[in-house]
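Every chain is numbered from 1 and lettered A, B, ... according to where its sequence line falls, protein lines coming before strand lines.
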Amino acid sequence: MTIQTDAPVATIHEPARALPLAERVRRVRDAAYQIRLNVLVEGEAQGEGYVGQALGVADVLATIYADQMRFQPANTEWAERDRFLLSVGHYALAIYAALAEAGVLPHEELGTYAADGSRLPMSAMCTYTPGVEISGGSLGHGLGLGVGQALGLRHQGMADQKVLVLFGDGELDEGSTWEAAMSAAHWKLGNLIGIVDMNGLQADGRTEDVLSNEPQEDRWRAFGWHTQRVDGNDPLELIRAFDAAVALAAPTGQPHMIICDTRLGKGVPRLESREKLHFMKIAADEWDPCRVELTASYTAEEK
Amino acid sequence: MTTTATKSAQPLRSAAMIASIADAGVRTTSAPFGHALNALAAVDPRIVGLTADLSKYTDMHIFAAEYPDRFFEMGMAEQVMMMAAAGMAQTGLVPFASTYSVFATRRAYDFICLDMAEPKLNVNLVSALPGLTTGYGPSHQATEDIAILRGMPDLTIVDPCDAVDIEQAVPQLAACEGPTYTRLLRGAVPRILDDYDYTFELGKAKVVRPGQDVVFVASGLMTMRGLLAAEELAKRGVDVCVVHAPTIKPFDADTVVEQIDTDRMAFTLENHTIVGGLFESVAGALVKRGVGRQVRAIGLPDEFLDAGALPTLHDRYGLSTQAVVNRVLAELVGR
Ligand SMILES: Cc1ncc(C[n+]2csc(CCOP(=O)(O)OP(=O)(O)O)c2C)c(N)n1
Ligand SMILES: [Mg+2]
């Protein structure tokens, strides 16, 4: 039976792997720039928030949404989609910025970030926002949920769908992350791709002071994961790492970890050099200068 | 290149982590827990502090700055923090360990129960963001922390109202045998109880304000709201008695039942779901003594709460001073 609807034919956003590499890098750079602009809109609307983290992870999100994932912007429930799980709920403004750039959320809504009655709460939840797959925020849940989704998809014969999980380097402290790490390797979840944002920061300070977590690559390898470590602010390195993971991906195989070293506040020089705080302080009159600096550094990179 | 993002008019902000619970005009004290712990540590070398990557958000950073050698940053690993605190207690130290209420209870319950309570170890948990004190949504709203913990044998549970309570509680918690769990108010903490003739006594409920018409049995920040609501209601000719019951377990049933077993209209006020907290503690005490009095519950509904700005949420869920006043007036009219 064919169901007739007036709805427009849903477009599928396909991965960009067929395009020339230089073209892909340019697309990711552009998307990252737009994501960062969106982040500043949200940060300004709320007057605070996790702006440093969101700017730092923008290149990773741009690579995922603009270059790697298969999804339907107009139908976030599409069964055949790749899934992106945001474990770090407080990175909400980053995923909203990426979802707006990907065409899932209207740009106009970004100004409601964390406001009363908004679909974009300060901590990302699947019950509020289309395109947000899990309710994160209590940290250390994402990777285990990813294990379940990868198992569930494989169990139901979905061989191509990838499950991507982004979590923070602070989440490396949680035992649950390592339970999931062991489980994924045991169950040979070859379509599971973990991405850890190594921004070197957690709530009380630098990760190396709070709870040291290196050598990180050795740990994932020892746990049985196909592991890569990249500059998480370099689109070319990111594209290559995701391509390598996807090339090896299979319903049954080694799970993949991409360790991304990122820089807090990336793209806005005055924020890159600011004291590394969980809640970066940005004064009310700084948002416009931030935008100017962001555009300047983006334009300089383009040359 | 043009930006497609647009700016919108200023919406009401969540200010999620730093939202103050002090009503307008109420004095505040900065970080009373941290300073009280320092004062205690100065006279008791057994005191140590631990946190799970939340020292700055639980006022433990005050202790860390004063006693760096007695402070242990355990990272965002609540389970090992609990186990380690218990282990330290077994060597004779008196640990205070801090995180948020949600993570202490939901994540680390087993480690509190079996590593601290069963061996009756002197570990003192201080957990910030109890009940509805953040607009972050369910991941950070510990609406059921007391309900989770009340069934644990040998655990003392304290729900302080303000800075006065916290300052006076800290040495008593350390002196108390077995583990304790305190619902911490942090940052700029209201200071209201020293306007009344009141001292904190672990295990005791106190009549803070006498009144003829209505009786409030309250704990935590809801005692502050109850006292402020009582002032408002007095202006409308309603005389409210406020009983503060900061120790939820063991519960001072004698004092509370005596106050409820009168002709006054009775309410419980709690910053917690009406399931398994103060209301049910009171209800249980009444039934056990065969006292058939109606008690009206002011507390959070049995549901996952919204995200948003804290003042909005306190209005929405009936915890604000005005909401308490309105509720009492409505009930009095309905009687
Ligand atoms: C289970 C749990 N414990 C504690 C917290 C409080 N918390 C919020 S963010 C954060 C730091 C997490 O570090 P990371 O994932 O690296 O995030 P970043 O600091 O880089 O933003 C902490 C401890 C939490 N949200 N969940
Ligand atoms: Mg981090």
Side-chain angles (χ1 to χ4, degrees), chain A residues 30 33-34 37-42 44-49 89-90 97 100-101 107-118 121-123 125 127-128 135-141 168 170-176 202-205 207 209-213 278-279 287 291 295 298-299, chain B residues 1-18 51-58 60-61 64 71-81 83 98-100 102-103 106-108 111 134-142 304 306-313 315-316:
Chain A
D30 288 351
Y33 170 64
Q34 291 297 334
L37 281 173
N38 292 347
V39 165
L40 293 177
V41 169
E42 296 172 89
E44 181 173 18
Q46 190 55 211
E48 62 174 21
H90 64 289
E101 172 57 18
H107 279 91
E108 296 70 50
E109 222 169 311
L110 293 172
T112 72
Y113 165 58
D116 278 344
S118 170
M122 196 166 235
S123 188
M125 287 178 270
T127 39
Y128 279 68
S135 292
S138 176
L139 299 173
H141 289 225
E171 294 190 85
L172 295 167
D173 296 2
E174 290 287 355
S176 57
Q202 54 193 105
D204 269 343
T207 50
D209 299 329
V210 172
L211 190 60
S212 39
N213 62 28
H278 191 57
F279 257 108
W287 298 100
R291 268 184 281 273
T295 302
Y298 165 74
T299 319
Chain B
M1 185 172 230
T2 54
T3 155
T4 42
T6 52
K7 284 192 266 175
S8 75
Q10 204 70 277
L12 188 50
R13 293 172 172 181
S14 285
M17 281 309 161
I18 51 165
T51 193
D53 196 19
L54 284 173
S55 72
K56 289 185 199 165
Y57 302 87
T58 57
M60 186 63 90
H61 64 298
F71 167 69
F72 300 86
E73 170 63 78
M74 302 306 290
M76 192 175 65
E78 293 79 13
Q79 301 180 93
V80 76
M81 178 180 74
M83 292 185 270
S98 78
T99 178
Y100 287 159
V102 277
F103 309 129
R106 296 179 187 159
R107 175 89 33 126
F111 304 90
T134 164
Y136 254 50
S139 65
H140 286 64
Q141 291 161 346
F304 289 108
D306 294 341
L310 196 60
T312 311
L313 299 178
D315 275 335
R316 183 173 304 161

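With hydrogens and angles ignored, the 3.5 Å screen pairs no side-chain donor or acceptor of B:Y136 with any backbone N or O of A:G137.
B:S139 has its side chain out of reach of A:H141: every pair of non-hydrogen atoms, C-beta onward, lies at least 4.5 Å apart. B:K56 has its side chain out of reach of A:H278: every pair of non-hydrogen atoms, C-beta onward, lies at least 4.5 Å apart.
Contact annotation for B:R106: neither backbone nor side-chain heavy atoms come within less than 4.5 Å of a heavy atom of chain A. At a 4.5 Å heavy-atom cutoff, the contact between A:E171 and chain B is made by backbone and side-chain atoms alike. With a 4.5 angstrom heavy-atom cutoff, A:L172 does not touch chain B via any of its atoms.
We find the CD-OG distance between B:E78 and A:S138 to be 7.5 Å, quoted to the nearest 0.5 Å. Interatomic distance, A:D116 CG to B:D306 CG, rounded to the nearest 0.5 Å: 9.0 Å. Note that CG of A:D173 is 10.5 Å distant from CE of B:M74, once rounded to the nearest 0.5 Å. Remark: B:E73 CD to A:Q202 CD distance equals 7.0 Å, nearest 0.5 Å. Atoms OG and CD, from A:S176 and B:Q79 in turn, are 7.0 Å apart once rounded to the nearest 0.5 Å.
Contact record, B:L54 with A:D204: N-OD2, 3.1 Å, taken as the closest heavy-atom pair.
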